[in-house]
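See structure below.
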There are 2 protein chains.
Amino acid sequence: MTRWLTEDELQAWVRLVAVVELLPGSLEQQLRRDSGLSHFEYYVMAMLSEAPERRLRMTALAARSNATLSRLSHVVSRLEDRGLVERAPCPADGRATNAVLTEAGWRAVEAAAPGHVEQVRRTVLDALEPQQVDQLRAIAGAILDRLDPDGVMTAPYSRPQGQRA
Amino acid sequence: MTRWLTEDELQAWVRLVAVVELLPGSLEQQLRRDSGLSHFEYYVMAMLSEAPERRLRMTALAARSNATLSRLSHVVSRLEDRGLVERAPCPADGRATNAVLTEAGWRAVEAAAPGHVEQVRRTVLDALEPQQVDQLRAIAGAILDRLDPDGVMTAPYSRPQGQRA
DNA sequence: GCGCAATGGTTGAAGCGTCAAGTGTTCCGG
DNA sequence: CCGGAACACTTGACGCTTCAACCATTGCGC
């Protein structure tokens, strides 16, 4: 009783899978080469850089970056060793930990951002017509309603503000 | 001199990143739960199941699955341990190895396919209007021209044939 | 207040991917 | 043909993610 895919659906699907498979590697490669950061490390630090006080609780940071607390904890430990992030106990809740971007961390993000945005333009946005960008916004939005109904991952961007990618 | 992203571009980009980040996990989870296979294992075996004789040379298989030869070699070793795939030296070229799907491997793919297709429908295709599926096909195609100019990853599907995802 | 589940986070071992180095073929110039 | 370069992998060590177990703190029922 499986509803198999039509030819059109199959092609759309195969291409989407290929994009999903290839895009992370492309971003990863550029960032690692030019900034010595993994995409995940960059993303975590970018989230911190946009947060008030450049600090966020581990749980919030994990949600925004779609990571388990464990993964985040390990990564923050490594970033801490490199002096890019610091941990600070949360005064309001003794169980919680805040991750704080250091000055060096801020500079690292600032330095990495332009190259990253360039890469995004090169591989995605500049490949599309303006109307396709709109279509992509709608399509990705529709898919996200299924994948992430609460919009946890896009939360920081859901209310229009001037922010970098 | 960085061309920063416009509001529209930023939103499209943020959502695409979220999809790219979330979709693999969603597929992974369903497959692992229902079939005990990782998405990559499933994908490799699906490629084999569609190949003539259900066999492919390691290099070709690696290209189709966007993996390094090393990664593929490790994965094939594990699948071999589980009796789902076998290695056979290639008679035509002494350097080459063929990966062959076993009967058990074929049954595993057959068993996993319906659930996987269901998941694809649930999370992506059924979330979109028919015209959006067409748009997605064009958009993903345009991005792939940048990411994978030679169309290595979509090669098996470039010529229309009746095949499952 | 007291006990106990829930919350927030860390840790260590195991598994998978990557990278560098290695083995054995095949191709090819001379 | 003979030697070296290119090719098709394989292997082992290292790094990152996951998973399960763990500890400390907080909230809550009573």
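Within every chain, numbering begins at 1; the chains are lettered A, B, ... in the order of the sequence lines, protein sequences first and strands thereafter. Note that the structure is a prediction, hence the values are computed from the model and not measured.
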> 5' to 3' on DNA chain D, which nucleotides open and close the contacts with chain B (atom under 4.0 Å from a heavy atom)?
Replying inline: D:dC7 to D:dG12

> Can you name the side chain to side chain contact (heavy atoms under 4.5 Å, CB included) partners of A:A63, sequence neighbours left out?
Replying inline: A:V152

>> So, using side chain to side chain contact (heavy atoms under 4.5 Å, CB included) as the criterion, who are the partners of A:E118 when residues are at least two apart?
In response: A:R122, B:T2

>> Could you work out, with side chain to side chain contact (heavy atoms under 4.5 Å, CB included) as the rule, every residue matching A:S38, not counting sequence neighbours?
In response: A:E28, A:R32, A:F40, A:E41

Extract all donor-acceptor atom pairs below 3.5 Å that involve side chains of residues 127-143 of chain A and protein atoms in other chains or at least two apart in sequence.
unit_1 : atom_1 : unit_2 : atom_2 : d
A:Q132 : OE1    : A:E129 : N      : 3.0
A:D134 : OD1    : A:R137 : NH2    : 3.4

Using atom types as modelled, flag every donor-acceptor pair under 3.5 Å from a side chain in residues 93-101 of chain B to any protein atom, sequence neighbours excluded.
unit_1 : atom_1 : unit_2 : atom_2 : d
B:D93  : OD1    : B:R95  : N      : 2.9
B:D93  : OD1    : B:R95  : NE     : 3.2
B:D93  : OD2    : B:R95  : NH2    : 3.0

> What residues form a side chain to side chain donor-acceptor pair (under 3.5 Å) with B:R71, not counting sequence neighbours?
Replying inline: none

> Looking at residues at least two apart in the chain, or sitting in another chain, which of them share a side chain to side chain donor-acceptor pair (under 3.5 Å) with A:R54?
Replying inline: none

> So how far is it from B:R78 CZ to B:S73 OG, rounded to the nearest 0.5 Å?
Replying inline: 9.5 Å

>> My understanding is that only residues two or more places apart in sequence, or in another chain, count here; which of them pass side chain to side chain contact (heavy atoms under 4.5 Å, CB included) with B:E21?
In response: A:N66, A:M153

Polar-atom pairs under 3.5 Å, protein N or O versus N or O of nucleotides 18-21 of chain C: list them with distances, or write none.
unit_1 : atom_1 : unit_2 : atom_2 : d
C:dT18 : O4     : B:H74  : NE2    : 3.1
C:dC19 : N4     : B:S70  : OG     : 2.6

> Counting side-chain heavy atoms from CB outward, which of C:dG17, C:dG8, C:dT11 is closest to A:L69?
Replying inline: C:dG8

>> Holding to side chain to side chain donor-acceptor pair (under 3.5 Å), I want the full list of residues that pass it with A:D145, two or more places apart in sequence or in another chain.
In response: none

> Does B:R78 place a side-chain N or O at less than 4.0 Å from the phosphate oxygens OP1/OP2 of C:dG17?
Replying inline: yes

> Roughly how many Å is it from CD in B:E28 to C1' in C:dG15, rounded to a whole number?
Replying inline: 13 Å

>> I want to confirm an ordering. Mapping B:T59 and A:S38 to their closest nucleotides on DNA chain D, which one lands closer to the 5' end?
In response: B:T59

>> I need the residues from residues 81-100 of chain B with at least one non-hydrogen atom less than 4.0 Å from DNA chain D; give them sorted by number, or say none.
In response: B:R87, B:R95, B:A96, B:T97

